[in-house]
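So that we are looking at the same thing, I have put the structure below in structure tokens.
To find a chain, count down the sequence lines: A is the first, B the second, and so on, and within it residues start at 1.
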Amino acid sequence: MTDRAFYGRSVHEVARDLVGCVLRHGPTAGRIVETESYHESEPACHAHIGLTARTHTLFREPGVAYVYRSYGIHALLNAVCEEEGTGAAVLIRALEPLEGLDEMRARRGLQRPEDLCSGPGKLTQALGIGLELNGSSLTDGPIAVEPRSEAPRLAEGPRIGITKAADLPWRFCDADSRHVSRPWPPAMRRSRVAA
DNA sequence: CATGGGATTGACT
DNA sequence: GTCAATCCCATGC
């Protein structure tokens, strides 16, 4: 289990260090293979507009889960980082499924492991993470994050799916995983190795 | 109080 | 490649 100090650092460092960690909720678990970092100083971050009812969670203490609804349909999971009062978080974008695959298949209505968690909305559905977990603790709550044993090789690139500050290279992928969401970062498109 | 857009996904051409 | 689904909330009148 990660501790609060792990999250109380630069959001970009945390985003890098979360790749390779195991995310767990109930009987389902997966290895984090893709993250993006967001900081209040740039307009793509929800916290950029300041403290509102929606962004309240982003300004809380490090190690809290920020879960919000995207496009009216999907729940997206973030880990709140840096000091309390600073709006910054790491978006968990993809997992390599490890445990509870059948539970994930039932929730997703799909079979292939690489389709179960290869996107931020997909993984919350697969793990059963909903908006009710917004504000819950990642260090002592229903969602757990377990430290990695070794650091994966990272592929970095611009964040995707956003219109503002789209040039910042704050997307971090496990360069050797085939469970990363599409499109893959340029550095990963040439040669592929099995996960 | 009305409106528009978004850190997405899946289905379709 | 395009596009609709669907809803919270920020913004503007």
Hey, is A:K122 close enough to A:D115 for a salt bridge, meaning N to O under 4.0 Å? no
If you only use heavy atoms from C-beta on, which nucleotide in C:dC9, B:dA7, B:dT9 is closest to the side chain of A:P120? B:dT9
Side-chain contact, heavy-atom cut-off 4.5 Å: A:H48 with A:P43? yes
For A:R93, which contact category applies under a 4.0 Å heavy-atom criterion: base, sugar-phosphate, or nothing? sugar-phosphate
Any side-chain N or O of A:K122 less than 4.0 Å from the OP1 or OP2 oxygen of B:dG10? yes
Proximal nucleotide (of B:dA7, B:dT9, B:dG10) relative to the A:T163 side chain: B:dA7
Ring of A:Y71 versus six-membered ring of C:dA5: centres under 5.5 Å and planes under 30°? no
Over how many whole Å does the gap from A:H46 atom NE2 to B:dT8 atom C1' extend? 12 Å
Which sits closer to the 5' end of DNA chain C, A:I73 or A:L131, going by the nucleotide each is nearest to? A:I73
Watson-Crick/G-U partner (both atom distances under 3.5 Å) of C:dT6: none
Rounded to the nearest Å, what distance is computed from the OH atom of residue A:Y66 to the P atom of nucleotide B:dA7? 10 Å
Under the side-chain contact (heavy atoms from CB on, under 4.5 Å) rule, what do A:L138 and A:F6 come out as? Steps first, then yes or no, please. CA-CA 11 Å; A:L138 294 172; A:F6 176 84; over 6 Å; no
Want to settle it: does A:T52 or A:H74 sit nearer the 5' end of DNA chain C, counting the closest nucleotide to each? A:H74
Rounded distance (Å) that lies between atom C1' of C:dA10 and atom OH of A:Y68: 15 Å
Give A:I162 one of three labels, base, sugar-phosphate or nothing, depending on what nucleic acid heavy atoms sit under 4.0 Å from its own. sugar-phosphate
Which residue, A:L77 or A:Q125, contacts DNA chain B at a nucleotide closer to its 5' end, judged by nearest heavy atom? A:L77
Rounding to an integer number of Å, can you tell me how far A:I49 CD1 sits from C:dG12 P? 12 Å
Separation of the C1' atoms in C:dG1 and B:dA7, to the nearest angstrom: 23 Å
With a 4.0 Å cut-off on N to O distance, would you call A:R4 and A:E61 a salt bridge? no
Under the side-chain contact (heavy atoms from CB on, under 4.5 Å) test against A:R93, which residue among A:I160, A:V180, A:V33 passes? A:I160
Report the distance from atom CG of A:L110 to atom P of B:dT9, rounded to the nearest whole Å. 12 Å
Can you tell me how far the OG atom of A:S118 sits from the CZ atom of A:R182, to the nearest 0.5 Å? 8.5 Å
Between C:dA10 atom C1' and A:R69 atom CZ, what is the distance in whole Å? 17 Å
At under 4.0 Å, does any side-chain N or O of A:S70 touch on OP1 or OP2 of B:dA7? no
CD of A:E42 versus P of B:dA7: gap in Å, rounded? 10 Å
For A:L76 and C:dC7, give me the distance from atom CG to atom P, rounded to whole Å. 16 Å
Where the side chain of A:R108 is concerned, which of C:dA10, C:dC7, B:dT9 is the nearest nucleotide? B:dT9
